[in-house]
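Remarks on the structure that follows.
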Amino acid sequence: MCGIVGYIGGREATPILLGGLRRLEYRGYDSAGIAVSDGGDAHLVRCQGKLAALEKLLAEQTPKGGYGIGHTRWATHGRPSDENAHPHKAGPVSVVHNGIVENHVQLRERLIASGRHFSSQTDSEVLAHLIDEALRAGATSLVEAVRSALRQVTGAYAIAVLSDRNPDGLVAAKNASPLVLGLGEKEMFIASDAPAILDQTREVVFLEDGDVAEVDRSGARITDLQGKPVVRTPRTLNWTAAQAEKAGYPHFMLKEIFEQPTAVTDTLRGRLLPDSHDAVLGEQEVAPLPSRVVILACGTSYHAGLVGKFLIENIARVPCEVDLASEFRYREPVVGSHDLVVGVSQSGETADTLAAVKEARARGARVLAICNVVDSAIPRASDLVLYTHAGPEIGVASTKCFSAQLAALALLAVHLGRRNGALAGVAATELVQELLHIPQKMSETLKDCGDLSELAGRYKDARDFLFLGRGTNYPIALEGALKLKEISYIHAEGYAAGEMKHGPIALIGYGLPVVIIAPRGKGYDKVLSNLAEVRAREGHVIAVATKGDTAILQHCQDVLWVPNAPSLLQPMLTVLPLQMLAYAVALARGNDVDQPRNLAKSVTVE
């Protein structure tokens with residue numbers, strides 16, 4: 001995701017901004033830029049590519065001045081380019097922005113109608129124009145203009161603002177995207193993440209949603225959007241640089257598990273439209289509508305695809321097949337112009353999926369890529385792209401990218417269903433509302449999981465695990481088993497619960513840990529029957545169940561709770577306790593959860 005750094009003080013700003021951006025490189029980005037002022041017009045330097053490209057430009061034209069803002073951009077609206085790189089400038093106002101302005105189209109149209117000219121494709125540029133417009137309309141200060149602008153904005157933002165006519169201060173503001181202020185001696189810092197400024201100061205103030213901060217060399221004055229003063233207590237951070245990158249979590253995997261509600265929110269934001277009960281795929285349309293969808297993926301992405309089959313067939317009533325990309329092109333696949341092929345890949349570089357996507361296009365199919373990395377190989381080889389907004393995923397065993405893929409597949413299902421008429425009326429309203437509530441329910445699930453170390457200690461020496469699920473939770477049984485295998489190195493199998501009597505029941509004996517995904521909904525009673533069969537053979541049952549289901553307590557040794565949700569959306573919740581279980585068991589066994597043996601983050605060879 002994007003990175004923000006700001007500085008005001010008695011030193012030269014440029015090296016401080018560059019140093020901060022360098023410490024945010026782990027977040028991923030595709031362009032970078034800074035704006036620095038010495039009290040006159042801000043000097044903007046920005047370009048596509050990595051910081052090395054920006055540093056080369058700065059070696060030729062180093063901006064001088066004691067205050068400035070910097071940014072590393074991860075493309076959302078508008079491709080990676082020099083013009084789309086931040087900061088964006090309108091009149092005297094320079095802005096860097098993380099997040100998504102959901103109503104940017106309407107705002108842009110109004111601003112253009114008023115005579116304003118845009119130089120980028122980004123949603124972020126509207127912020128610079130709105131602030132400049134407020135200043136020209138009579139706002140008495142930069143902070144007042146920022147508040148006026150933000151009251152017109154719908155969406156997520158963390159911003160830092162510089163004005164050529166306000167040499168004594170910067171303005172920062174936050175809503176649904178992180179932003180932190182650093183307190184120095186007659187100097188102040190702004191950053192989207194603490195690692196950017198830890199070498200400069202340990203005294204920080206974490207802004208909260210709705211905060212607007214006027215920052216100068218002496219400190220910060222924080223208000224809400226209406227100008228009412230707000231008090232935020234400074235904190236002293238004792239993190240190492242590595243801990244800071246992990247936001248204080250002991251491992252990237254745990255941090256990324258807890259980032260999943262945000263990843264899903266960011267993937268849905270601006271695309272799921274509650275007012276019209278619809279979903280859009282950016283500026284793209286799937287046209288003509290397909291008579292069949294074929295999902296191609298590997299590993300965890302394949303499991304997301306299996307959930308996607310339920311979503312697409314139930315919501316859009318379009319036949320959907322899911323194929324292992326590693327097998328697809330070796331069996332003379334039957335696809336053509338009436339098919340939509342969906343290539344799902346976290347990295348966008350998965351060799352098997354890339355080869356399968358190329359094979360599908362060669363056979364005349366239209367291809368949509370679902371991917372987390374902008375401008376990677378699979379999106380470039382596809383006709384359409386739906387980027388997930390999970391941000392960089394450092395842990396090798398995928399967690400938040402999986403959840404973001406589920407959100408993207410739900411968007412696709414709603415998009416198709418609204419256009420072919422299969423999703424309409426009350427059903428459309430209810431589904432969109434349920435989707436909007438999923439991130440909050442994900443946060444609730446993670447909170448309820450608590451510390452699983454005691455449970456993990458009881459099962460860490462097991463030689464085998466069995467995971468069972470029905471319907472939409474069958475793919476989650478597969479994913480739960482895969483997560484446990486990947487990081488704990490315990491043999492685990494995932495099965496459709498209805499298949500238990502067709503073989504796996506032979507494995508069940510005294511003490512075998514059996515994880516049964518049993519939330520209330522379709523197939524609940526049948527899953528309880530499976531659970532009883534496991535108990536009759538003295539297996540140890542760990543159930544994933546709906547909060548408040550007291551009946552299930554008499555059937556199992558341990559329960560992991562999830563909130564109530566429609567069966568179609570349950571996978572976004574039921575997967576979370578299984579990730580936490582795998583993490584806890586791996587820790588109990590002393591394993592490296594972030595870099596498990598023999599595995600790579602991106603499988604770029606067949």
* Asked: side-chain contact (heavy atoms from CB on, under 4.5 Å) between D558 and L560: does it pass, once the steps are laid out?
  -> CA-CA 7 Å; D558 299 283; L560 304 172; over 6 Å; no
* Is the shortest heavy-atom distance from the side chain of M580 to the side chain of I257 under 4.5 Å? -> yes
* So do P475 and P571 actually touch side chain to side chain, heavy atoms under 4.5 Å? -> no
* **Y489 six-ring face occupied by R589 cation (under 6.0 Å, within 45°)** => no
* Asked: At their closest point, which heavy atom of C298 faces which heavy atom of S326, and how far apart are they?
  -> SG-N, 4.0 Å
* **R463 (side chain) donor-acceptor with H491 (main chain) under 3.5 angstrom** => no
* Asked: Are side-chain heavy atoms of L384 and L281 found at a separation under 4.5 Å?
  -> no
* To do: Drop me the distance from L411's CG to L435's CG, to the nearest 0.5 angstrom.
  => 7.0 Å
* **Close side-chain approach of Y474 to E499, heavy-atom, < 4.5 Å** => no
* Structure fact -> So NZ of K547 and CZ of R520: to nearest 0.5 Å the spacing works out to 15.0 Å
* **Option passing side-chain hydrogen bond (donor to acceptor under 3.5 Å, both in side chains) with N473 (candidates Q570, E479, K522)** => Q570
* To do: Taking atom types as modelled, find out whether Q260 and T399 have a side-chain donor-acceptor pair closer than 3.5 angstrom.
  => no
* Between S382 and L368, is there a donor-acceptor pair closer than 3.5 Å when you use the side chain of the first and the backbone of the second? -> no
* Asked: If we only count heavy atoms from C-beta on, is the K483 to T300 side-chain gap below 4.5 Å?
  -> yes
* Under the 3.5 angstrom rule, does the side chain of N372 hit a backbone N or O of C401 as a donor-acceptor pair? -> no
* Structure fact -> Nearest heavy-atom approach of P261 to F258 is CD-O, 3.5 Å
* Main-chain N/O of G521 paired to S567 side chain as donor or acceptor, under 3.5 Å -> no
* Backbone N/O of K246 and side chain of K255: donor-acceptor pair under 3.5 Å -> no
* To do: Using the side-chain contact (heavy atoms from CB on, under 4.5 Å) rule, take I100 and H389 through it: C-alpha gap first, then chi angles, then the decisive distance, then the call.
  => CA-CA 10 Å; I100 295 174; H389 292 160; 3.6 Å; yes
* **Main-chain N/O of P195 paired to D193 side chain as donor or acceptor, under 3.5 Å** => no
* Structure fact -> Separation between CG (L179) and NZ (K174), nearest 0.5 Å, reads 8.0 Å
* Distance only, no hydrogens: is a donor on one side chain within 3.5 Å (strictly under) of an acceptor on the other, for N564 and T546? -> no
* Asked: Any donor and acceptor pair, going by atom type alone, linking the side chain of N98 with main-chain N or O of A158 inside 3.5 Å?
  -> no
* Above 12 or not: heavy atoms from other molecules or residues under 6.0 Å from CD of Q557? -> yes
* Asked: So do the side chains of V527 and L531 get within less than 4.5 Å of each other, counting heavy atoms only?
  -> no
* **I552 vs W561 side-chain heavy atoms within contact, under 4.5 Å** => yes
* Asked: Are the side chain of R271 and the backbone of L386 linked by a donor-acceptor contact shorter than 3.5 Å?
  -> no
* **Over all atoms of both residues, closest heavy-atom pair of G3 and L24** => CA-CD1, 3.8 Å
* Is there a donor-acceptor contact under 3.5 Å from the side chain of D592 to the main chain of D594? -> yes
* Structure fact -> For T574 and P577, the nearest pair of non-hydrogen atoms, with its separation, is O-CD, 3.3 Å
* Asked: Have K460 and S488 got a donor and an acceptor in their side chains that come within less than 3.5 Å?
  -> no
* To do: For A481 and E493, work out which heavy atoms get closest and say how close.
  => CB-C, 3.7 Å
* Check the side chains of Y495 and N530 for a donor-acceptor pair under 3.5 angstrom, ignoring hydrogens and angles. => no
* Would you name the heavy atoms of G305 and I295 that are closest together and state the gap between them? => O-CD1, 3.5 Å
* To do: Measure the CG-CD1 distance between L237 and I197 for me, rounded to the nearest 0.5 Å.
  => 8.0 Å
* Asked: Any side-chain donor paired with an acceptor under 3.5 Å for T72 and E25?
  -> no
* Asked: Going through the checks in order, is the salt bridge (charged side-chain N to carboxylate O under 4.0 Å, His left out) test met by R458 and E454?
  -> CA-CA 7 Å; R458 284 188 272 123; E454 190 272 333; 3.0 Å; yes
* Asked: For M442 and L573, what are the C-alpha separation, side-chain angles and deciding distance, and is it a side-chain contact (heavy atoms from CB on, under 4.5 Å)?
  -> CA-CA 6 Å; M442 294 174 75; L573 305 178; 3.7 Å; yes
* When rounded to the nearest 0.5 angstrom, what distance separates CG in L268 from OG1 in T265? -> 7.0 Å
* To do: Could you check Y459 against L581 for side-chain contact (heavy atoms from CB on, under 4.5 Å), going step by step and ending with a plain yes or no?
  => CA-CA 10 Å; Y459 294 109; L581 176 64; 5.7 Å; no
* Structure fact -> CG (L296) and CD (E327) are apart, to the nearest 0.5 Å, by 12.0 Å
* Asked: Are T445 and P563 side-chain neighbours, meaning at least one heavy-atom pair lies under 4.5 Å?
  -> yes
